[in-house]
Structures are given as structure tokens and as C-alpha cells.
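So the structure is just underneath, and the comments pick up after that.
Source: prediction; values computed, not measured.
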Amino acid sequence: MADPKGFMTTPRQDWPRRPVEERVRDWEEVYVPGALLPIVSKQADRCMDCGVPFCHHACPLGNLIPEWNDLVSRDDWRAASDRLHATNNFPEFTGRLCPAPCEAGCVLAINQPAVTIKNVEVAIADRAWELGFTPPRPPERLSGRTVAVIGSGPAGLAAAQQLTRAGHTVAVYEKDDRLGGLMRYGIPEFKMEKRHLERRIEQMRAEGTKFRTSTAVGRDIGAAELRARYDAVVIATGATAWRELDVPGRELAGVRQAMEYLPLSNRVREGDLEVSPMSAAGQHVVIVGGGDTGADCLGTAVREGAASVTQLDIYAQPGAERDEDAEPWPTYPKVYRLSAAHEEARELRTAPAADADARLFAASTLRFTGDADGHVRSLHLVEVDARRRPVPDSGRSIPADLVLLALGFSGPDLEDGLVGQLGLELDPRGTVARDAGFATNVPGVFAAGDAARGQSLIVWAIAEGRAVAAAVDRHLTGTSRLPAPIGPYDRPMAV
């Protein structure tokens, strides 16, 4: 603990964002380059080095947060990188994309602003790359065992890296033309520039992991055939079956899924397209869904030059402070948060029909109406109470030329043939069933990440990838020294 009084003398200071008018004109990350390093050591000083650090328990990876906070406060970046990478394969991803349940569990957060754990994490990760502390770690010897990992999202990549480093020969199969899963085509560039992803993939290649892109298992290659080729298979395909909105007018042109819209914008950034065929430019855009995917659509539509953007959230607007009765510390509370995209919408006044940050809270979609050509032109909504019952005389309509459904995902896509060809059992939620050792009902086939857990956070996906790697290693060799931070039935802390 470098400064025993740091939490009393130093106020919380977050990584500053670039001015809105500047950042909406490009697709670079929203934060001021170079502005984190000068403040991060003092912010790390705020860590109290708690006797029982609940930040550990709030994070499924079990990150050694007080340890690397102390090391950063002393400017020992190499040791901080070692401690950070001991529990997390991809801290530069989580430091940018995770909503930081660790900060909700910070003991300081009981009565003060939490330690900026997420900012310290990303500072360590970026500094480690800059100073050369993250070289490839190929195995000293090969085991002679082979593993196929299906899916290259965070769970699949974490599993593949762990198994490769343990000495197994690993091939990752990805249905898209580039690696990364939702990190590649779902996450906008302004949240995480893809150079961070490319850098890790090159590290994994240097360690010996093989990658097979544009290969959909179940379509381009039979699932049973793949199983016969390898000693073990890990299914990490994610939860890609999106939820639908069954209301009148859903069939109108211009009513699309968020994950139809976001990949096209990302392909423009990759250079595949000049302009997205679903561009929001000049359109009145309505996003149905109040989560992170909806916010990603909001930031993307603003940068594409939408005429207006409104986001509908069926839940009431949360308060600014934690409800200690409903969501006591150290659980992750539902409080009012202003993402970078919502900050942009607020300053640019993108949604004249909505509240200050483009969100309409406690709003439920009734139907869509369109023009004579069958294209959507209006969304009709109603206010709802806490039990989602319509409030009388609260109906209204707002203009909508492009409607994006960001309602989340229910489980793996059953149409690709993978589940059926292998004969995998599903649980009642529609996700891949598995036992306490991450094994499915098919011998040698394991499941990890959202495909089995259901829609979750990136930290849970990486934790699942690390844990399933230990299970597969044990299956192949009879024992394993790989860490297993969670079990398949573990869940976030809740009341």
C-alpha cells in the first residue's frame, strides 16, 4: 500500500474523453490519447489494500487488483503486468469493454467513489505492450494432443491461448472472414480500436495457435467430421440467436436487428465497403433496447450522420445512487450511467422527442407503421409502469426511418447445424447443457462462454475460456496446472 491515506487525499479522476464535437467526426477511441498515464499512479494510490478485497469476488477472473494497484503506484510496470496477466489473457479488451463490476465491489465504494480499477487495468495493459512485457509464450514441448475451438470471441481465444501454452496443438475455427467474434464486428471502433485485437491474435499465432477463418462448422465442415479429427472440441460460438420483437409492422423494410447494422459499419472501417448499405445518414433512427448494444448503435448512428436518434428503454430511469435495499454493496447496481454515446447524444441533442441523453425510459413499443412502399416511417409507443403495464393516455408516435432492435440474445444459433449434427443437449434456456466439468453430453466436446452460460460480460467469457481450458487439459492428460477461476454454474453476486 504505497499511500495509506491516498483514498482520503486523492479524489477519483477518470480518463478524460475527447471533446464531443471532435470525436464524433472520426472513429477513433473516445479517450484523450496519453491523458491516462499522468494520473493513473495517483489513482492507484486510492486503493486501500483491503484485508478482504471484494473487487476480487466481483470479478470472475479473480484479478489481483490490490496487488497491481500497489505496483502501479510505485511505477513497477513489469511486475504489474505480470500480476495482471496471471489472471487475464486480454486485459486491454476488458479494460475497454467491461462495465467494471469490480468497481461496484470496491470497498471504498461503500461511501466514496470507487477506485478507477478499469483505468488502471488498461493503463497496465497498454504500457506492457509499449515496453515489450508481453512477448509470445510458446510451449516448451508439445503434448501430441489436438483441440479444435469453435468460435474466436473472448471465450474461444482465451481457451485457445491457455491450451496452446499448455502444449496442445490448437486450431480455432471462425465462421467470419476475420477473427474476434463480436469484438470484431459487434463492437464499434470508437469503443475499441481493432489494432488491439490484431496484436493479440499475432501473439497467439507466434505461440502456435492455428486459425481457420470463413469456416462455419456445421455448414462448411461437418461437426461430426471435425469431432473425429481432434482429441477434444470446445464450443465457444457465443449467443448469436437474437431476440425478436413481435409487434405489428415488424415486417416493414427498415426494421432491422442491431447485429445486422453494427457489422456493416465495422466492415466500412475494415475497408470492405465504401458506405454501409444500412447507413443511418439522414435517417430518423429509433433503437429499441436500453443496453450496451443499443448504446453502440447510438454512437454509430451519430457518427454516420443520422437526422435524429432515439433509444427506448423499457425500464424506468434509475437513480444516481445505489438502492441499498434492492441492490446492496457489493452487488452491481442499476444506476444512471452516461456512456460516451449518451454523452454525445446529449450534447448534440440528437433526439428531440426524448430525454436529454436520447433515451426514453419506461417506453414500450406498440407497433410500426410505414409508407405505401412498405418502409417504416413511425414507431408507436406507450409509457409503462414498474410492472410494464401501459400507462393510460400515454401513447404517442415518433418518426422512424430506421429501427434497430437491440433486445439481446437467447443462445446459440441452432440453424448452423452444429448443435444438431453433434446431438448436443440444450438446457431449458436454450443454451448448450454441460456438467460441472464444462463437458457436454458428447464425449470429448466441451462448451464455454455465452453459448452455454447465456448472454454475459466479456470478463465472464474470458473466465469461462480459462476454466474450460483447464477442464480440457485434464481430460487429455489426466491432470492440469491451468487455472480455473470459475465453475459453469457460478453467477455474479446478487441479493
Side-chain angles (χ1 to χ4, degrees), residues 60-63 81-98 121 124-125 128-129 132-143 145-174 178-184 192 194-213 230-238 438 446-451 458-477 480-486:
L61 286 165
N63 281 331
S81 174
D82 290 343
R83 302 313 289 147
L84 177 58
H85 284 92
T87 58
N88 188 350
N89 296 70
F90 313 122
E92 67 272 34
F93 302 168
T94 53
R96 288 173 167 83
L97 304 178
C98 179
E121 177 182 29
I124 298 170
W129 281 107
F133 297 157
T134 53
R137 291 171 45 200
E140 293 183 0
R141 62 182 64 86
L142 296 178
S143 68
R145 304 300 181 91
T146 59
V147 183
V149 176
I150 306 174
S152 68
L157 291 179
Q161 186 168 62
Q162 292 293 95
L163 288 165
T164 297
R165 289 175 173 178
H168 306 301
T169 300
V170 181
V172 177
Y173 288 79
E174 169 55 54
R178 293 184 180 89
L179 299 162
L182 287 183
M183 293 188 296
R184 170 72 67 180
M192 187 181 80
K194 301 305 180 282
R195 60 188 175 88
H196 303 294
L197 179 58
E198 295 290 356
R199 191 166 52 187
R200 277 296 176 188
I201 290 169
E202 288 309 308
Q203 179 197 52
M204 293 179 65
R205 281 198 173 101
E207 291 172 347
T209 304
K210 310 298 181 185
F211 294 100
R212 308 282 186 264
T213 55
Y230 292 88
D231 296 314
V233 172
V234 175
I235 297 170
T237 53
F438 292 89
F446 298 77
D450 290 4
I458 185 171
V459 279
W460 282 92
I462 296 173
E464 288 245 342
R466 290 171 67 86
V468 79
V472 172
D473 187 36
R474 189 175 301 107
H475 167 76
L476 295 175
T477 67
S480 180
R481 299 177 63 184
L482 294 177
I486 59 171

Shortest non-hydrogen separation from Arg466 to Ala86 and the atoms involved: NH2-O, 2.9 Å
Side-chain ion pair, Glu202 and Arg205, N-O less than 4.0 Å: yes
Residues which pass side-chain hydrogen bond (donor to acceptor under 3.5 Å, both in side chains) with Arg474, listed by chain and number, not counting sequence neighbours: none
Test ring pair (Phe, Tyr, Trp, His ring centres under 6.0 Å) applied to His475 - qualifying residues, sequence neighbours left out: Phe446
Over all atoms of both residues, closest heavy-atom pair of Ala125 and Leu84: N-CD2, 4.1 Å
Under 3.5 Å: donor-acceptor pair, side chain of Arg184, backbone of Arg178: no
Minimum side-chain heavy-atom gap Trp129-Arg200 below 4.5 Å: yes
Which atom of Gly180 lies closest to which atom of Leu197, heavy atoms considered: CA-CD2, 3.9 Å
Closest approach of Ser480 to Asp473 (non-hydrogen atoms, all atoms of both residues): OG-OD2, 2.7 Å
Thr209 versus Thr164, side-chain donor and acceptor atoms under 3.5 Å: yes
Chi angles and distances behind the side-chain contact (heavy atoms from CB on, under 4.5 Å) call for Phe211, Leu157: CA-CA 10 Å; Phe211 294 100; Leu157 291 179; 3.9 Å; yes
Nearest-0.5 Å distance that lies between atom CG in Leu179 and atom CD1 in Ile201: 4.5 Å
Enclosure of Arg195 CZ (heavy-atom neighbours >12, cutoff 6.0 Å): yes
Listed partners of Ala469 passing side chain to side chain contact (heavy atoms under 4.5 Å, CB included), at least two apart: Gln162, Leu163, Leu482
Pair Asn88-Glu121, side-chain contact (heavy atoms from CB on, under 4.5 Å): steps then yes or no: CA-CA 10 Å; Asn88 188 350; Glu121 177 182 29; 3.2 Å; yes
Check: residues 134-143 side-chain donor-acceptor pairs under 3.5 Å, at least two apart:
{"residue": "Ser143", "atom": "OG", "partner": "Arg145", "partner atom": "N", "Å": "3.1"}
{"residue": "Ser143", "atom": "OG", "partner": "Gly167", "partner atom": "O", "Å": "3.4"}
{"residue": "Ser143", "atom": "OG", "partner": "His168", "partner atom": "ND1", "Å": "2.6"}

Pairs meeting criterion side-chain hydrogen bond (donor to acceptor under 3.5 Å, both in side chains) with involvement of residues 148-161, two or more places apart: Asn89-Gln161, Ser152-Glu174, Gln161-Gln203, Gln161-Glu207
Full working for side-chain contact (heavy atoms from CB on, under 4.5 Å) between Val147 and Asp231: CA-CA 6 Å; Val147 183; Asp231 296 314; 5.9 Å; no
NZ (Lys194) with more than 12 external heavy atoms under 6.0 Å: yes
Residues which pass ring pair (Phe, Tyr, Trp, His ring centres under 6.0 Å) with Phe93, listed by chain and number, not counting sequence neighbours: Phe90
Heavy-atom closest contact (Ile486 atom, Ala463 atom, distance): CD1-CB, 3.8 Å
Contact summary for Ala160 and Met204, nearest pair of heavy atoms: CB-CE, 3.9 Å
From CH2 (Trp460) to CG (Leu61), nearest 0.5 Å: 9.5 Å
Test applied, side-chain contact (heavy atoms from CB on, under 4.5 Å); reference residue, Val170; option that passes from Val234, Val149, Val472, Thr146: Val149
Student check: side-chain heavy atoms of Ile462 and Thr94 closer than 4.5 Å: yes
